[in-house]
Amino acid sequence: MSTETPLDLKKTVNLPRTRFAQQANLVQSEPARLKRWAEMDLYGKIRAARRNRPKFILHDGPPYANADIHIGTAMNKILKDFIVKSRTMMGYDAPFVPGYDCHGLPIELHVDRKLGEKKAKMSAVAFRRACREHASNALKRQTRDFQRLGVFGEWSNPYLTMSNEYEAETARLFARFVERGFVYRGARPVYWCIHDQTALAEAEVEYREHTSPSIYVKFPFADDPAKIAPELAGRKVFFLIWTTTPWTLPANLGIAVNPLFEYAAVEHGDDVYIVASELVETVAEKCGLNGARVIARFSGEKLDRLECRHPWIERRSLLMLGEHVTLGGEADAETELDVRASRDKKVTGKAGTGLVHTAPGHGHDDFVIGGRYGLEVYCPVDNAGRFTAEVEHFAGERVFDANPKIIELLRERGMLLFSEQYRHRYPHCWRCHNPVIFRATPQWFISLDRRARDLEDGASLREMALREVERVEWIPSWGRDRMRNTISGRPDWCVSRQRLWGVPIPAFYCRACGETVASPEIMRHVADIFERESADAWYAREAKDLLPEGFRCPKCGAADWSKESDILDVWFDSGSSSVAVLEKYPELRWPADVYLEGGDQFRGWFNSSLIVALAAHNAAPYRTVVAHGWVVDGEGRAMHKSLGNAISPNEVIQQSGAEVLRLWTASSDYHEDMRCSPEILQRVAESYRKLRNTARFALGNLHGFDPQRDSVSYEEMEEIDRWALAELNRVIERALEAYEHYEFHAVYHALHHYCTVTLSALYFDIIKDRLYTFAPRSRARRSAQTALYRIADALARLLAPILVFTADEIWENLPSSGDEQLPSIHLAEFPRIQRAEGEEELLQRWERLFGVRDQVLRALEEARQAKMIGSSLEARVRLRVGGALRELLERYRDQLRYIFIVSQVELEAGTEGELQVEVARALGQKCERCWNYSPRVGESERYPTVCERCVEALAEIEREGAA
RNA sequence: GGGCCUGUAGCUCAGUUGGUCAGAGCGCACGCCUGAUAAGCGUGAGGUCGGUAGUUCAAAUCUACCCAGGCCCA
């Protein structure tokens with residue numbers, strides 16, 4: 001029975017309705033959603049939902065707990081979250097335990113500065129407490145920021161490298177290295193302040209102008225000169241070195257030359273001097289060698305392992321080959337203290353001879369090359385910067401005071417060729433501002449080349465590491481090469497730091513006989529104390545209270561001990577994490593499936609983690625290592641606060657929301673450096689809106705649709721809806737594949753392309769007519785909704801790891817599919833591909849139809865430009881074509897007007913292979929209801945302004961309304 | 001100076017082993033729609049594939065060098 005009065009046409013159009021707002025208002029909505037998630041313990045629910053599923057472990061590399069997060073830290077955590085969430089949605093149990101790196105110099109320096117003068121009066125324990133507090137505050141702020149980014153994890157129970165358990169485990173792992181014979185104690189040069197009598201880290205020296213003596217010194221050749229060149233037979237040959245630190249000459253053990261340089265023998269009077277060929281003139285001029293002439297030239301290579309005599313001490317000075325030797329400049333200063341600046345400027349010829357005086361106890365390069373040639377790390381200078389008793393002439397003398405006296409001695413012995421004052425930049429102590437020296441002090445090392453005591457094959461750490469590098473999967477694949485090179489080239493690991501804020505090296509020294517006690521058993525005993533009291537115990541307790549009761553010196557039987565004052569390198573701390581975390585948290589397991597960090601960690605955490613894991617388990621702690629690039633500005637340059645090109649993650653969040661930052665992270669290819677700028681973020685925000693609106697259209701048109709009740713079976717669906725599902729399958733496949741391989745930018749592009757091209761511009765535009773104007777419960781409309789539902793559902797799931805907030809919001813606004821609706825999308829799994837028979841052919845057919853559509857659209861645009869039409873519904877299209885295409889079009893004859901979104905389509909015979917498109921005004925009147933044109937508008941008496949389709953639809957609506 | 005990496009339209013990215021490979025989306029310009037509306041649709045203009053020189057019948061794709069940039073070292 002029909003209603004008495006005709007319906008209000010406007011109200012019979014099924015326009016979209018949804019609570020899913022067009023404006024995201026992320027800045028407000030994100031925190032609200034985070035709060036809800038926290039209240040419902042979403043992370044706990046996810047864990048419970050995945051119990052007993054196969055595990056997938058991403059192990060978090062701990063950010064340094066010193067300052068607020070920057071965009072790089074944010075990006076890193078977001079990428080990790082992509083991995084964790086996508087693996088979770090693949091069905092894995094993928095717990096995430098975040099960590100923080102809490103010890104180390106930067107924190108100590110920060111606290112130092114904050115305390116100022118007060119530090120001097122503080123006990124070590126009190127100072128450590130201040131450091132602990134600083135780290136604790138920093139990590140709390142970071143935690144808050146990471147959570148704000150929508151990163152899920154065990155935020156209430158992160159791992160801290162300063163926790164009792166972790167410190168204890170760190171000490172135990174060091175004991176493990178000792179036990180297996182990898183640890184030794186040796187000397188190595190460090191920056192040393194003779195005023196404060198302390199070692200300095202690189203960050204604690206500052207460069208200032210300083211005047212040093214610059215001298216050219218003769219080293220008599222002690223071999224047969226004919227070995228160098230026949231012309232030199234029987235001559236008095238001297239090797240000429242240049243230095244600005246005469247006081248290091250007593251420690252000279254060698255001279256380095258560059259094997260790639262050519263050297264010249266220069267005759268002056270009876271003497272012959274050896275200098276680099278390129279510097280002959282400069283040196284001759286500087287040293288006033290009038291009338292000097294070159295009598296021989298030879299390659300530096302020839303000098304290898306020949307010997308000179310020290311200019312005044314009865315000792316050999318070994319000739320060595322080293323490519324660190326340059327043609328002058330500060331790099332030739334044996335202290336190596338100011339090499340960075342000069343090398344960057346590619347300075348040459350300022351001063352120097354091309355031969356470098358080498359004192360392994362007083363310079364870094366000297367130490368390295370000396371090590372290669374088996375020289376002793378000789379450093380006859382004490383803590384106060386005075387020569388020790390063994391130094392002839394200068395014992396007890398302060399090194400800087402000794403400079404002029406050494407020069408005088410050289411002059412007396414005829415070994416000085418030239419001397420002058422020299423201004424240059426020289427490192428000074430940042431606290432007392434006095435010049436520092438480079439001085440070898442005893443340090444603890446982990447040897448990369450000693451053989452493991454307990455292994456049959458006696459492999460070294462280096463060998464084991466190189467073996468493991470081949471077994472690990474590296475993404476990108478060049479990571480393997482980089483890691484291999486890093487490991488092959490790295491020197492022994494100096495794990496000593498002369499600092500307070502860290503895990504002490506648990507070793508003891510017998511005051512009576514000097515014996516060192518560094519046994520694994522004792523170390524584990526100490527570690528147990530750390531476990532109870534934290535490593536502060538090392539400073540709070542007396543040595544005897546750290547040792548087992550009544551422990552006596554195994555050598556002399558005394559019981560008077562001093563404690564080691566060095567702490568472990570922080571890289572040892574974080575390197576311990578695989579064991580200290582993966583094996584301690586019950587939900588985790590060793591080894592991890594994946595590590596993901598910036599490329600700087602090849603030398604850092606990837607490396608230290610590997611070494612520690614080898615000591616602990618003879619294997620790598622990771623199966624896959626993913627390395628990402630750095631965040632750079634819009635021009636590809638590094639970000640610096642001083643350059644003003646840095647982007648603050650918190651600012652982005654406050655302006656646009658975390659989703660935008662997450663989407664930016666997903667949109668860029670992280671395998672390379674990732675550009676970020678206001679313009680780029682602007683683009684990302686726009687693409688966010690597109691994704692959101694696409695979802696909103698689907699949701700709006702699902703109003704009143706109950707998937708259980710109203711879904712149309714596949715066979716009954718309109719073909720274009722089946723096409724949309726086939727396209728959906730393609731996208732699901734591509735996105736899942738990309739997630740599988742950590743290619744998030746491919747996920748982004750696939751989904752974005754699907755939303756903009758496939759859905760928004762094509763499918764949605766076409767089905768609007770059907771959705772809006774067909775009777776709400778008609779099969780044709782339900783068919784479209786069935787597809788829309790599947791699309792919206794899949795889209796939400798696929799977006800969920802990236803757009804954590806928005807996907808959940810979509811989920812919320814999807815019609816409920818019954819009781820099993822999960823309270824959050826993050827408990828759901830990825831969509832499954834529901835492959836239908838004949839899908840490939842279907843896709844191919846429609847691809848051709850849409851090809852025709854493109855041509856029609858071009859023709860429509862021409863008509864529009866010619867003012868013939870405005871809306872495409874004002875058009876009637878005539879197609880002329882022959883052959884196979886004609887047959888295809890014929891088959892879809894009734895569909896074509898909808899596909900083209902025009903009112904009428906005529907198909908006429910034409911020539912094969914050539915499609916002609918003509919556009920004309922549509923016939924008839926515009927239907928008031930569906931806006932299509934039809935000659936039959938007016939046929940209905942009840943609805944005189946409406947077309948025949950609408951008449952039918954209205955009748956159906958009236959029937960339903962009555963029912 | 002060494003190791004590793006990068007350089008395709010204004011932006012983000014595709015371009016298997018060299019031969020329709022010069023593409024997509026965004027942005028931009030112009031236009032349409034006003035029933036996804038601080039939305040939606042269409043058409044179009046943009047690139048000597050960082051540069052140079054080679055190899056080749058043929059190179060964005062291979063080689064060398066150079067330039068610009070990034071990370072780690074020295």
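In what follows, every heavy atom counts, from backbone to side chain, and hydrogens, waters and symmetry copies are set aside. Chain letters run A, B, ... following the sequence lines, proteins first and then strands; every chain starts at 1.
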| said: Under the ring pair (Phe, Tyr, Trp, His ring centres under 6.0 Å) test against A:W605, which residue among A:Y64, A:W571, A:Y595 passes? | reply: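 Of all the options given, the one that passes is A:Y595.
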From C-beta outward on [X], which listed nucleotide comes closest to its side chain: [options]?
X      : options             : value
A:H752 : B:G27, B:G25, B:A36 : B:G25
A:K926 : B:C33, B:U34, B:C73 : B:U34
A:E679 : B:G35, B:G10, B:A14 : B:G10
A:R683 : B:C26, B:U34, B:C13 : B:C26
A:H364 : B:G70, B:A74, B:C13 : B:A74

Looking across every strand, which nucleic acid part, if any, lies under 4.0 Å from [X] by heavy atom: base, sugar-phosphate, or nothing?
X      : value
A:G629 : nothing
A:G700 : nothing
A:S668 : sugar-phosphate

| request: Could you tell me whether the side chains of A:Y748 and A:S687 share a donor-acceptor contact shorter than 3.5 Å? | output: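 There is such a pair (donor and acceptor under 3.5 Å, judged by atom type) between the side chains of A:Y748 and A:S687.
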| field | Between A:N607 and A:R490: side-chain donor-acceptor atoms closer than 3.5 Å | value |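 Present: a donor and an acceptor within the cut-off.
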| task | Measure the spacing between CZ of A:F438 and CZ of A:R188 and express it to the nearest 0.5 Å. | result |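 Spacing of CZ (A:F438) from CZ (A:R188) equals 8.0 Å.
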| query | Using a cut-off of 4.0 Å between protein heavy atoms and nucleotide atoms, how would you tag nucleotides 38-45 of chain B 5' to 3' with B, S and -? | reply | SSSSBSS-
Tabulate atom names and distances for all N/O pairs under 3.5 angstrom spanning the protein and nucleotides 3-5 of chain B.
from, atom 1, to, atom 2, distance (Å)
B:G3, O3', A:N485, ND2, 3.2
B:G3, O2', A:N485, ND2, 2.7
B:G3, N2, A:R482, NH2, 3.3

